[in-house]
Amino acid sequence: MISADNIDLSLKDLSLTDGDSAGDNSKVLKWNLPLKDLYKLACNFYKEKSGKAIHLSYEDNLKLVAFTQQAAHGPLDLSKAPPLGMFDVIGKDRRIAWQQLGTITKLQAMEGFIDLLDRLCPLFKPYVEAIKKDKEEKLRQAEQEQIQRNEAQAAEKVRLAELQRIEDEKNREELQRRQLQDALNQQTYHQFKEYAEIQFPGNPEQQAVLIRQLQNEHYHQYMQQLQAQVATNYARSKGEGDGTNEEKDESALAGSGTATEPGLFTNANMKENSQFEFKEQCDSDNDSGDYAVISPANMWTKADIKLFKQEVMAGKGDGVIRVNHGDTVTVKVPTHEGGSCLFWEFATDNYDIGFGVYFEWGKPPTTEVSVHISESDEDDDTIEEDEEVICAEDLECGPSPGSQLVSSGSNRSLGPRNPISIIIPIYRRECHQEVYAGSHTYPGEGTYLLKFDNSYSLWRPKTLYYKVFYTR
């Protein structure tokens, strides 16, 4: 009787030899797999499962072994076959089964082995499907990882390009600023030199210092006037197209070479005005350093308004203020010597409120944050006449015409007071629906003026919750 162990010994011939003469097996498909790969899976399955998960008859095993011999060596050549022993019954049966396959090709033998194993063992095809799905999943994951790597590389390129663009933009703005300041200095140099020679006769060093101070003061005043004009033009053209481009205006004014633009001093103006006022103005601002171009502020909103109000009421903020109808509240925040950027957050109950930010140049008289309330913005001379609060057509604004503009400033001159720059013009904010927040990098030493304007309201007071803080 033939044992199962003797049958298993024949499985050593299941592997294929190199240099298959039957052609390019990679192009022959079966079950959507290359025939050679599928045949290898079938051989491995037969080796692993024979006598364990599957139990085949002696005749079926002979047929399967015969197919593997044909697939490995081709048709049987008795002249080259080694002699069999007299008692090698299994070897004779295997040789007979191999001889019965005739002259079929190696590919046909592979396919015959697969078909016979599939017919004898129903578990074989699910086994192949599972392996195929696993390979497909690994391939899909590899492709997905490659896509993610490509996307990450593309995002990194975009990020680097954006950083380069920002750097180029900063360099371009700095170049424009220098060109503008140089153009203004060239226009006013002789005028300021005449004045300096009168103030410090025979002292070139003091004259140079005074000329530099006057040029810085003149540039700062010019930029203030330019920014106010840009803000006014933008407010007037809002909804009608693109606003005024500040940078283009600066370039045009810098390259015009005209000494009679707004904010520029002519010889006649200097002779008519008190020369002592120029000296006094520069001396008062000497401690605060050179004026810089005001950078734009950042503004954003936060959704969790309820939590913000609770934090402020619990003492985790600056406080709560009642802004009566017709009133304007100014929160004065001096720059801190250890800070570099101011942050603010605010919200109201039920109704909106006007909000704007200004910057008063010069050394602050105090380091404490203070709150000032005025019944009318006409009493507050820190806002220029070009800034406006646009009042929508609602009951809160009274029966005035729909296009009426309520001025938030007066026409009075600042006189000897420190100059004030516009950072954010006053507009009504829907701060009763979400928290409004913002930040601004210190342009120099001075005091921030945070304006909360309720002057347009005839009878509604507003409850204001606010926080201000600085970062290093």
Side-chain angles (χ1 to χ4, degrees), residues 294-375 377 380 382-383 387 389 408 420-457 460-472:
I294 293 286
S295 60
N298 297 319
M299 288 283 288
W300 64 91
T301 58
K302 301 194 301 184
D304 200 348
I305 188 172
K306 185 176 180 180
L307 178 61
F308 172 76
K309 293 179 180 178
Q310 291 175 352
E311 291 179 351
V312 174
M313 289 188 294
K316 298 180 179 179
D318 290 83
V320 183
I321 301 176
R322 178 181 174 86
V323 186
N324 291 322
H325 59 86
D327 285 358
T328 297
V329 171
T330 301
V331 180
K332 296 187 176 182
V333 186
T335 55
H336 194 279
E337 61 180 6
S340 62
C341 185
L342 178 71
F343 285 78
W344 61 83
E345 298 177 353
F346 67 92
T348 56
D349 287 336
N350 303 324
Y351 304 107
D352 62 2
I353 198 169
F355 175 74
V357 180
Y358 302 83
F359 188 80
E360 183 176 359
W361 296 87
K363 187 173 183 178
T366 178
T367 59
E368 300 294 328
V369 177
S370 59
V371 178
H372 302 265
I373 301 177
S374 61
E375 295 183 356
D377 242 9
D380 194 342
T382 61
I383 305 177
E387 300 144 33
V389 176
S408 63
I420 295 177
S421 296
I422 307 168
I423 297 176
I424 301 176
I426 295 180
Y427 292 106
R428 291 172 66 173
R429 318 286 176 169
E430 301 292 333
C431 50
H432 60 295
Q433 298 177 353
E434 52 189 351
V435 180
Y436 273 69
S439 68
H440 187 257
T441 303
Y442 285 0
E445 190 175 22
T447 303
Y448 282 94
L449 309 177
L450 277 62
K451 292 285 185 176
F452 298 97
D453 182 17
N454 197 31
S455 61
Y456 57 85
S457 177
R460 288 175 180 162
K462 311 292 173 62
T463 301
L464 172 68
Y465 306 80
Y466 78 96
K467 293 169 62 176
V468 290
F469 53 93
Y470 70 90
T471 59
R472 297 185 183 275

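Side chains included, hydrogens not; waters and symmetry mates left out as well; all remaining heavy atoms used. Heads up: numbering here begins at 1 and tracks the sequence.
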(request) Taking ring pair (Phe, Tyr, Trp, His ring centres under 6.0 Å) as the test, write out the residues that go with Y470, two or more places apart. (result) H336
(message) Using only atom types and a distance under 3.5 Å, with no angle test, would you say the side chain of T335 pairs donor to acceptor with the backbone of G446?
(response) yes
(request) Not counting sequence neighbours, which residues clear side chain to side chain contact (heavy atoms under 4.5 Å, CB included) with E430? List them please. (result) D352, H432, Q433, Y436
(message) Holding to side chain to side chain donor-acceptor pair (under 3.5 Å), I want the full list of residues that pass it with T301, two or more places apart in sequence or in another chain.
(response) E434
(message) Could you tell me if the side chain of Y456 sits less than 4.5 Å from the side chain of R428, heavy atoms only?
(response) yes
(request) Determine which pairs satisfy salt bridge (charged side-chain N to carboxylate O under 4.0 Å, His left out) with at least one residue from residues 299-309, sequence neighbours left out, and list them in order. (result) K302-E345, K309-D349
(message) Can you confirm whether C431 sits close enough to I353 that some side-chain heavy atom of one is under 4.5 Å from a side-chain heavy atom of the other?
(response) yes
(request) Using distance alone, with no hydrogens and no angle criterion, decide if S370 and H372 have a side-chain donor and acceptor under 3.5 Å apart. (result) yes
(request) Just jot down the side chain to side chain donor-acceptor pair (under 3.5 Å) partners of T471, sequence neighbours excluded, or say none. (result) none
(request) Please tell me if the side chains of Y466 and V329 come closer than 4.5 Å, counting only heavy atoms from C-beta onward. (result) no
(message) Could you tell me if the side chain of I321 sits less than 4.5 Å from the side chain of D327, heavy atoms only?
(response) no
(request) Can you see which heavy atom on G319 is nearest to which on V312, and at what distance? (result) O-CG1, 3.2 Å
(message) Looking at N454 and R460, would you say the former's side chain and the latter's main chain have a donor-acceptor pair under 3.5 Å?
(response) yes
(message) Going by ring pair (Phe, Tyr, Trp, His ring centres under 6.0 Å), name the residues that satisfy it together with Y465, two or more places apart in sequence or in a different chain.
(response) none
(request) Look at the aromatic rings of F355 and F452 and report parallel, tilted or perpendicular, splitting at 30° and 60°. (result) tilted
(request) Identify the two heavy atoms, one from P334 and one from T366, that lie closest to each other, and give their separation to 0.1 Å. (result) CG-O, 3.1 Å
(request) Run through H440, E360, K332 and flag the one making a side chain to side chain donor-acceptor pair (under 3.5 Å) with Y448. (result) H440
(request) Measure the spacing between OH of Y358 and CD1 of I423 and express it to the nearest 0.5 Å. (result) 10.0 Å
(message) Working to the nearest 0.5 angstrom, can you tell me the gap between F343 CZ and N298 CG?
(response) 8.0 Å
(request) Determine whether W344 and M299 make a side-chain contact, defined as any pair of heavy atoms from C-beta on separated by less than 4.5 Å. (result) yes
(request) Sequence neighbours left out, what passes side chain to side chain donor-acceptor pair (under 3.5 Å) with S421? Give chain and number order. (result) W361
(request) Check side chain to side chain contact (heavy atoms under 4.5 Å, CB included) between P461 and all other residues, then give those that pass, not counting sequence neighbours. (result) R322, N324
(request) Please examine the side chains of P364 and E445, heavy atoms only from C-beta on, and report whether any two atoms are closer than 4.5 Å. (result) yes
(request) State, with a plain yes or no, whether a side-chain heavy atom of V369 is found less than 4.5 Å away from one of F469. (result) no
